[in-house]
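By convention in this document, chain letters (A, B, ...) are assigned in the order of the sequence lines, proteins followed by strands, and residues within each chain are numbered from 1. All values below were derived from every heavy atom in this structure, side-chain atoms included, with hydrogens, water molecules and symmetry-related copies excluded.
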Protein chains: 2
Amino acid sequence: MDRLLSNLKITVPEKIYIKDPESSSLGKRIVEHSILLINNIGFEAFNFKKLGTAIESNESSIYRYFESKHKLLLYLSSWYWSWIEYQLVLETHNLTGNEKLNKAIEIVSRPTQQDSNFMHINEVILNKIIINENSKSYLTKEVDQENKEGYFVIYKRIVYRLRDMITALNPNYQYASSLASTIIESSLHQHYLKDHFKSITDCDENVSPTAFVKNLVFNTINNQIA
Amino acid sequence: MDRLLSNLKITVPEKIYIKDPESSSLGKRIVEHSILLINNIGFEAFNFKKLGTAIESNESSIYRYFESKHKLLLYLSSWYWSWIEYQLVLETHNLTGNEKLNKAIEIVSRPTQQDSNFMHINEVILNKIIINENSKSYLTKEVDQENKEGYFVIYKRIVYRLRDMITALNPNYQYASSLASTIIESSLHQHYLKDHFKSITDCDENVSPTAFVKNLVFNTINNQIA
DNA sequence: CAAATATAATAGTAATACTTTTATTTTTGA
DNA sequence: TCAAAAATAAAAGTATTACTATTATATTTG
């Protein structure tokens, strides 16, 4: 498994970047430090000038990799979901039924652990960025065009995988896609609430978003009221 | 009821604005046209210069009402949730149990109808803005400070109301707050998906987000697996 | 080692998100 | 009703953003 992982190249839709940041050490530093900087100052205050300073390189060099900070966010989002998808496939392929969906929910909702297979990417911090900034990647006027161009395929594929697990467990449940998309969004949202709006969530140090989502999903699909 | 509604002034936390836009016709025009303009061009492209042109007034005059476009978004969000809360109180006060929660879910998740009691506000378009832009109002670095200043009280109060209805129905259910916040967020999210990501939702012209959320909530709280 | 490629430095641009100043118009209350 | 106060409008200015373009200098590669 470690062998497999180290051979894996997480794939991101090609049109997201101008030059593949994995192809050079500057590219890797751009990605590495963009994660740290966005986490520190937030996506709104983040720009390529500040990132240039952080990596002791020039703004204009970053533009040869990404055409805008929006595209960089799309890259980070796709990378993250691709990494999650890999874990999903790996950790659930030998499971079936309830156990499979149970594990899948864990993977998409658990607090992220550092993965030493990708030296330049801090997955723990990237997960925080996804919690805070992911929805900004699609809540834009350009969403339909960018969706057509395939920028969200990996994210959607994870939802399809969850949907199929739900349907396998209960073929009569009518809202498998909506429930699958809700698993992902509400996991991220509950993590956000526990950090910033404690009074409107039950999640805290003792109660995990995973526990809430599992309870939600299994009660829903196992006990359909006609 | 009409009488009540027309006497009602929707309340927004005072610190959100510099000068109350309800207090002048310019203020009302600012709010009215900000809704139309944000809907047309999106929040990122929206600015006070363009809004000034739209209302045939000056940028600097708008700054006497709102210190930034972010604050204006907070205002629109608070106004919307205050309006929803009013409907919630009015339309559920004589109901109990399942019926009460059922109606409450309808109110927060149904497609918005125009409310003729607020001449200068197009609630149908405002609802679209909430679907597209609401999360940008809190997914910021300033969220904790702004939360302390009370900018999100109305939104949180709606979640409390839903939580209390859930707890009344099933006092043993452990995740009433998380479920309540999920009702709101997933309603908005499913509306967004049906407009932009049809493949990852079951909602469309025939299946409403309301139907999905009702099924989700009642199956969850009525059939708790121990 | 020469050519190609990548990176860095510098400068420039149009737009953004404001602030400030001054002028004009409208409201108000004595 | 008129003078003062308040509101609005116009204009100009500023620092920053989100880039593009140009040129120079390193680095890689065939």
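- Remark: B/Val89 engages B/Glu85, B/Arg161 in a side chain to side chain contact (heavy atoms under 4.5 Å, CB included) (not counting sequence neighbours).
- One side chain, A/His70 or A/Glu146, offers a donor N or O that lies under 3.5 Å from an acceptor on the other.
- Nucleotide C/dA8 holds its P atom 9 Å from the CD1 atom of A/Ile30, rounded to whole Å.
- The distance from atom CD of A/Glu59 to atom P of D/dA18 is 10 Å, rounded to the nearest whole Å.
- No side-chain donor-acceptor contact under 3.5 Å links A/Thr112 and A/Glu123.
- Between the C1' atom of C/dA6 and the CD1 atom of A/Ile55 lies a distance of 13 Å, rounded to the nearest Å.
- Both cation-pi conditions hold for B/Lys69 and B/Phe43: the charged atom is under 6.0 angstrom from the six-membered ring centre and inside a 45 degree cone around its axis.
- A donor-acceptor contact under 3.5 Å links the side chain of A/Ser60 to the base of C/dA9.
- Regarding A/Glu56, its CD atom lies at a distance of 15 Å from the C1' atom of C/dA9, rounded to whole Å.
- Between A/Phe46 and A/Phe48, the angle of the ring planes goes over 60°, which puts this pair in the perpendicular group of the 30/60° scheme.
- Nucleotide D/dA18 holds its C1' atom 14 Å from the CD atom of B/Glu44, rounded to whole Å.
- A/Arg29 has its CZ atom 16 Å from the P atom of C/dA6, to the nearest Å.
- Close to D/dT8, at under 4.0 Å from its OP1 or OP2, lies a side-chain N or O of B/Ser24.
- In this structure, A/Trp83 and A/Trp79 have parallel ring planes: the angle between them is below the 30° cut-off, well short of the 60° mark.
- Atom NZ in A/Lys19 sits roughly 11 Å away from atom P in D/dT28 (whole-Å rounding).
- Residues from residues 61-74 of chain A placing a heavy atom under 4.0 Å of any atom in DNA chain D, listed by number, are A/Tyr63, A/Glu67, A/Ser68, A/Lys69.
- Nucleotide C/dA6 holds its C1' atom 16 Å from the NZ atom of A/Lys28, rounded to whole Å.
- For B/Tyr138 and A/Tyr192, the gap between ring centers is short of 6.0 Å.
- The residue among A/Asn58 and A/Phe48 whose nearest nucleotide of DNA chain D lies closer to the 5′ end is A/Phe48.
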